[in-house]
Undergrad: 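The following block contains the structure, expressed as structure tokens.
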Amino acid sequence: MLVDNINLYIKAGKGGDGAATFLRNSQTAKGGPDGGNGGSGGNIYFQGSTNVNDLREFRYKKKIIAEDGVPGKRKKLFGKNASHLTIYLPLGTRITDTLSGNVIEIIDTTTPILAAKGGKGGRGNTEFKSATNQAPLFAEKGTPGEEKKLLLELRLIADVGLIGLPNSGKSSLLAVLTNATPKIGDYPFTTLEPNIGMLGVHPIADIPGLIEGASKGRGLGIAFLKHIEKTKVLVHCIDSINENVEKAYETVRHEFAQHNTSLLDKPEIILLTKTDLADESTIKKNIKILQKKGKRVLACSIYDQNSLGILKDELRSLL
Ligand SMILES: Nc1nc2c(ncn2[C@@H]2O[C@H](COP(=O)(O)OP(=O)(O)OP(=O)(O)O)[C@@H](O)[C@H]2O)c(=O)[nH]1
Ligand SMILES: [Mg+2]
């Protein structure tokens, strides 16, 4: 389970002030009131989106402020309404209004949720003209936009967890299977924090590589295993050119056992990665060795679309 907590301040736009003006032109020296109304301030909406996977963007963007409405003008000109702002959030985001305690959850991609309402535009003095007051000197002010201090929380339970030794191609796979853009590097421990991406409606997470002794704190340790405890399927990535694929497999399984033995019973696909780097006989030999584990064994390369298609189909049918 990946948890993201973010504090966010939002403020809708203020309504534009109404104008208090009087008609003046070459024919009219002392005309009647002609002040227009102010425009309304911009609303802020939340909307669920499957193109957003996490709350990363809000780690730096702490304040979101919508535009103000434009003030009214002379000649009964109305000020323009400000445009509204929509903030896209991943499905499953919980939003708590820290003042009122109200909680809403983003559950679909279709319904925009009004988070902060823009202020109303003030009426211009034209609207206050009456039988008893032909020349009102005043106009209304626009009202302020709503402002809120929110806590955004995302608890994403990945359906698929990509696991394996460091440098076995987990993040590369996440990048080709989903819309995620994790860091990829030709060295161990490129991934320092789990990444998540969506394969259709299914969240997939990669986690930092595990090494022998991870359960005793070696490498980045095994704390990240908690992120994959609730996944439905594990994809155990093993580099095709690893000289001892069985040892690679058992090393990771051994660290699982130290953390939580229930991980050992999870449905698992064993995936030989980077097949473009190995010759066919090595791949065949390694598949044979791994098949002895009694699991489904697949082989793929991020450069071989066909192999990725097979993997995707297999995952879809398991989910
Ligand atoms: N030729 C080839 N290289 C690959 C393939 N998949 C991954 N790589 C390379 O292998 C290296 C490691 O890839 P990563 O995806 O960062 O591996 P990782 O398992 O996420 O590594 P850590 O985050 O360090 O645990 C990078 O240099 C990738 O470009 C593949 O299918 N073919
Ligand atoms: Mg990685």
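Whatever order the structure lists them in is the order used to number ligands and atoms, beginning at 1. Reckoned from all heavy atoms, side chains included, excluding hydrogens, waters and symmetry mates. Remember, predicted model here, so these are calculated numbers, not experimental data.
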Undergrad: Tell me the protein heavy atom at minimum distance from atom 23 (O) of ligand 1, and give that distance in Å.
TA: Thr191 OG1, 2.8 Å
Undergrad: Enumerate the atoms of ligand 1 whose separation from the nearest heavy atom of Ser301 is less than 4.0 angstrom.
TA: 31 (O)
Undergrad: Can you find an N/O atom of Thr273 closer than 3.5 Å to an N/O atom of ligand 1?
TA: no
Undergrad: Looking only at N/O atoms, are Ile184 and ligand 1 under 3.5 Å apart anywhere?
TA: no
Undergrad: Just which atoms of ligand 1 are under 4.0 Å from any heavy atom in Tyr303?
TA: 1 (N), 2 (C), 32 (N)
Undergrad: Return yes or no for this condition: an N or O of Pro208 is under 3.5 Å from an N or O of ligand 1.
TA: no
Undergrad: Do the side chains of Lys293 and Glu246 get close enough for a salt bridge, i.e. N-O under 4.0 angstrom?
TA: yes
Undergrad: Would Lys149 and Leu99 count as a side chain to side chain contact (heavy atoms under 4.5 Å, CB included) here? Give the steps.
TA: CA-CA 7 Å; Lys149 283 182 183 154; Leu99 263 181; 5.9 Å; no
Undergrad: For atom 25 (O) of ligand 1, what is the closest protein heavy atom, and at what distance to 0.1 Å?
TA: Lys170 NZ, 2.9 Å
Undergrad: Salt bridge or not between Glu153 and Arg94? Use side-chain N to carboxylate O under 4.0 Å.
TA: yes
Undergrad: Report yes or no: does a heavy atom of Gly164 sit under 4.0 Å from some atom of ligand 1?
TA: no
Undergrad: Between Leu271 and Leu298, is the side chain to side chain contact (heavy atoms under 4.5 Å, CB included) condition met? List the steps.
TA: CA-CA 5 Å; Leu271 183 69; Leu298 295 177; 3.7 Å; yes
Undergrad: Is there a side-chain contact between Ile6 and Leu151 (heavy atoms, below 4.5 Å)?
TA: no
Undergrad: Any N/O of Asn167 closer than 3.5 Å to an N/O of ligand 1?
TA: yes
Undergrad: Considering both backbone and side-chain atoms of Pro188, is one of its nitrogen or oxygen atoms within less than 3.5 Å of a nitrogen or oxygen in ligand 1?
TA: no
Undergrad: Output the list of atoms in ligand 1 that are nearer than 4.0 Å to some heavy atom of Gly209, sorted by atom number.
TA: 25 (O)
Undergrad: If the threshold is 4.0 Å, N to carboxylate O, is there a salt bridge linking Arg253 and Glu268?
TA: yes
Undergrad: Is there side-chain contact between Ile241 and Thr282, with heavy atoms separated by less than 4.5 Å?
TA: no
Undergrad: Take a 6.0 Å sphere around NZ of Lys80 and say whether it holds more than 12 heavy atoms from other residues, nucleotides or ligands.
TA: no
Undergrad: Does the N or O separation between Lys183 and ligand 1 drop below 3.5 Å for any pair?
TA: no
Undergrad: Return the CG to CD1 distance between Asp304 and Ile302, rounded to the nearest 0.5 Å.
TA: 11.0 Å
Undergrad: Please classify the Asp276 to ligand 1 contact at 4.0 Å (heavy-atom distances, strictly less than): side chain, backbone, both or neither.
TA: side chain
Undergrad: Among all the protein's non-hydrogen atoms, which is closest to atom 3 (N) of ligand 1, and how far away is it?
TA: Lys274 CD, 4.0 Å
Undergrad: Going by the angle between their ring planes, with limits at 30° and 60°, are Phe138 and Phe128 parallel, tilted or perpendicular?
TA: tilted
Undergrad: Without hydrogens or angle criteria, can the side chains of Asp34 and Thr21 be said to hold a donor-acceptor pair below 3.5 Å?
TA: yes
Undergrad: Take the Mg ion (ligand 2) and tell me which protein N, O or S atoms are nearer than 2.8 Å.
TA: Ser171 OG, Thr191 OG1
Undergrad: List the atom of Gly42, the atom of Ala66, and the distance in Å for their closest heavy-atom pair.
TA: O-CB, 3.5 Å
Undergrad: Below 4.0 angstrom from a heavy atom of Leu277, which ligand 1 atoms are there? Numbered from 1 as shown, please.
TA: 1 (N)
Undergrad: Show the atoms of ligand 1 that are less than 4.0 angstrom away from any heavy atom in Phe189.
TA: 22 (P), 24 (O)
Undergrad: Pull out every atom of ligand 1 sitting under 4.0 Å from any heavy atom of Asp186, numbered as shown with elements.
TA: 27 (O)
Undergrad: So with a 6.0 Å cut-off around CD of Glu212, is the heavy-atom count from everything else above 12?
TA: no
Undergrad: Near Lys120 NZ, under 6.0 Å, is it more than 12 heavy atoms from other residues, nucleotides or ligands?
TA: no
Undergrad: Has Lys62 got more than 12 heavy atoms of other residues, nucleotides or ligands less than 6.0 Å from its NZ?
TA: yes
Undergrad: If you measure every N/O of Gly185 against every N/O of ligand 1, is any gap under 3.5 Å?
TA: yes
Undergrad: Would Asp68 and Lys14 pass as an ion pair if we require N to O under 4.0 Å?
TA: no
Undergrad: Looking only at protein heavy atoms, which one is nearest to atom 30 (C) of ligand 1, and how far off is it?
TA: Ile302 CG1, 3.4 Å
Undergrad: For atom 14 (P) of ligand 1, tell me which residue out of Ser240, Ser172, Cys300 has the closest non-hydrogen atom.
TA: Ser172
Undergrad: Suppose I only count heavy atoms of Tyr187 and a 4.0 Å limit; which atoms of ligand 1 are within that range?
TA: 24 (O)
Undergrad: Verify side chain to side chain contact (heavy atoms under 4.5 Å, CB included) between Leu315 and Ile269, making sure each step is shown before the conclusion.
TA: CA-CA 9 Å; Leu315 286 174; Ile269 297 174; 3.9 Å; yes
Undergrad: Quick check: Ser171 and ligand 1, any N/O pair under 3.5 Å apart?
TA: yes
Undergrad: State the atoms of ligand 1, each with its element, that fall below the 4.0 Å cut-off from a heavy-atom position in Gly169.
TA: 7 (C), 13 (O), 14 (P), 15 (O), 17 (O), 18 (P), 19 (O)
